[in-house]
Amino acid sequence: KAGVTQTPRYLIKTRGQQVTLSCSPISGHRSVSWYQQTPGQGLQFLFEYFSETQRNKGNFPGRFSGRQFSNSRSEMNVSTLELGDSALYLCASTRAASTDTQYFGPGTRLTVL
Amino acid sequence: TQLLEQSPQFLSIQEGENLTVYCNSSSVFSSLQWYRQEPGEGPVLLVTVVTGGEVKKLKRLTFQFGDARKDSSLHITAAQPGDTGLYLCAGPPKGGGSQGNLIFGKGTKLSVKP
């Protein structure tokens, strides 16, 4: 069974641009979560989607947004990029229930210049 | 704000040594999880502890959940180079939250030299 896949794996952008990251969950998984990982702050929760609806949201500015499609694939978008948005963005999927195990993808490394 | 603090931040040891890493909070967690993350990869779940005082073993790794469910520890016996990685503890926030919405500690970066 294929794992969680994220594209692209690496991305370089400049300040002020916007970026869209993609995540394909494990087949049959309906929940997708996004996290930002930085050396200073560690892993921080961005948002969680389940059946195309945002189920939970972390404490990030409105520049960070996401969506989930009917096939459970998810995208996250960051507008007006700032230098501090440079990070590893991780996507994780779970089957459905709140107690299901979460499986992480390899992440997208975003560098903002 | 619920926080998970991990210590030490960095640990460099020789193969064969034992080690313990800690995960502490001033808040009660309904459960805590431990993950290992290797460079270029996402975190992989090692274990979930749910009951206060619970001890779980995974080969040479022993996980303990504190009686008050505010802290946890991970002990590795006879560490091997393959144990090298970033060890993260995580738990669901108070008031619900799911496994898809976790609070993470900043991690302990372990390096085991042959």
Side-chain angles (χ1 to χ4, degrees), chain A residues 3-7 9-10 21 23-26 29-51 53-60 66 68 72 74 87-109, chain B residues 1-10 21-25 27 29-51 54 56 58 63 85-111:
Chain A
V4 178
T5 57
Q6 293 187 244
T7 56
R9 291 293 310 276
Y10 302 92
L21 311 182
C23 171
S24 292
I26 291 171
H29 284 196
R30 293 165 61 194
S31 170
V32 172
S33 297
W34 289 90
Y35 292 84
Q36 181 196 66
Q37 186 174 28
T38 59
Q41 298 300 319
L43 263 136
Q44 293 184 286
F45 171 74
L46 280 156
F47 26 66
E48 179 192 9
Y49 286 88
F50 177 75
S51 291
T53 301
Q54 191 177 82
R55 184 153 74 173
N56 285 297
K57 188 177 188 306
N59 196 19
F60 277 80
Q68 186 180 34
S72 294
S74 178
L88 181 68
Y89 289 88
L90 291 160
C91 165
S93 76
T94 57
R95 192 176 302 274
S98 62
T99 55
D100 288 338
T101 298
Q102 188 168 212
Y103 296 88
F104 283 85
T108 292
R109 172 75 61 186
Chain B
T1 304
Q2 289 177 283
L3 290 174
L4 285 168
E5 299 199 14
Q6 292 189 242
S7 61
Q9 203 175 345
F10 301 97
V21 299
Y22 300 92
C23 174
N24 294 296
S25 177
S27 304
F29 279 85
S30 58
S31 64
L32 280 179
Q33 299 181 334
W34 285 92
Y35 291 81
R36 180 169 69 211
Q37 184 178 20
E38 298 184 28
E41 297 180 15
V44 175
L45 179 66
L46 296 174
V47 79
T48 301
V49 285
V50 179
T51 307
E54 181 177 7
K56 280 193 174 178
L58 187 67
F63 304 85
L86 179 68
Y87 287 82
L88 297 157
C89 66
K94 202 181 297 187
S98 62
Q99 298 305 330
N101 168 17
L102 294 174
I103 297 168
F104 278 83
K106 292 186 180 180
T108 292
K109 195 166 186 179
L110 172 65
S111 173

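The chains referred to below are lettered A, B, ... by the order of the sequence lines, with proteins before strands, and numbering in each begins at 1.
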Notebook entry, point to check: Does atom CD of B:Gln9 have more than 12 heavy-atom neighbours, drawn from other residues, nucleotides or ligands, at distances under 6.0 Å?
Noted result: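 No - once you tally the heavy atoms of other residues, nucleotides and ligands closer than 6.0 Å, there are 12 at most.
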### Task
Pick one of side chain, backbone, both or neither for A:Leu46, based on which atoms fall under 4.5 Å of a heavy atom in chain B.
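Contact with chain B involves no heavy atom of A:Leu46 at all.
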Sort A:Arg9 into side chain, backbone, both or neither according to what part of it lies under 4.5 angstrom from a heavy atom of chain B.
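Only the side chain of A:Arg9 comes within 4.5 Å of chain B.
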Less than 4.5 Å apart, side chain to side chain, heavy atoms only: is that true for A:Asn56 and B:Pro93?
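The answer is no; the side chains never approach within 4.5 Å.
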**Asked** Highest number of heavy-atom pairs under 4.5 Å with chain A: which of B:Gly40, B:Gly42, B:Pro43?
**Response**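 Heavy-atom pair counts peak at B:Pro43.
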message = Please report the interatomic distance CG(A:Leu90) to CD(B:Glu41), rounded to the nearest 0.5 Å.
response =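 These two atoms lie 11.5 Å from each other.
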Going by atom types only, do B:Gln37 and A:Gln37 share a side-chain donor-acceptor pair under 3.5 Å?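 A pair is found: one side chain offers a donor N or O, the other an acceptor, under 3.5 Å apart.
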_Are there over 12 heavy-atom neighbours, none belonging to B:Lys109, within less than 6.0 Å of that residue's NZ?_
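12 or below, so no.
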**Q.** chain A contact via B:Leu86 - side chain, backbone, both or neither, heavy atoms under 4.5 Å
**A.**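 Side chain only.
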Margin query: Does A:Tyr103, at its OH atom, have more than 12 non-hydrogen atoms belonging to other residues, nucleotides or ligands within less than 6.0 Å?
Written below: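 No, OH of A:Tyr103 has 12 or fewer neighbouring heavy atoms, counting only those of other groups under 6.0 Å.
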- [ ] Might you confirm whether atom CD of B:Glu5 has over 12 heavy atoms from other residues, nucleotides or ligands at distances under 6.0 Å?
- [x]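 Counting neighbours around CD of B:Glu5, 12 or fewer heavy atoms of other residues, nucleotides or ligands fall under 6.0 Å, so no.
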Mind listing the closest non-hydrogen atom pair of A:Phe45 and B:Leu102 along with its distance?
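For A:Phe45 and B:Leu102, the tightest heavy-atom pair comes out as CB-O, 3.9 Å.
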Any donor and acceptor pair, going by atom type alone, linking the side chain of A:Arg55 with main-chain N or O of B:Asn101 inside 3.5 Å?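 Side chain of A:Arg55 to backbone of B:Asn101, a donor-acceptor pair under 3.5 Å: no, none is there.
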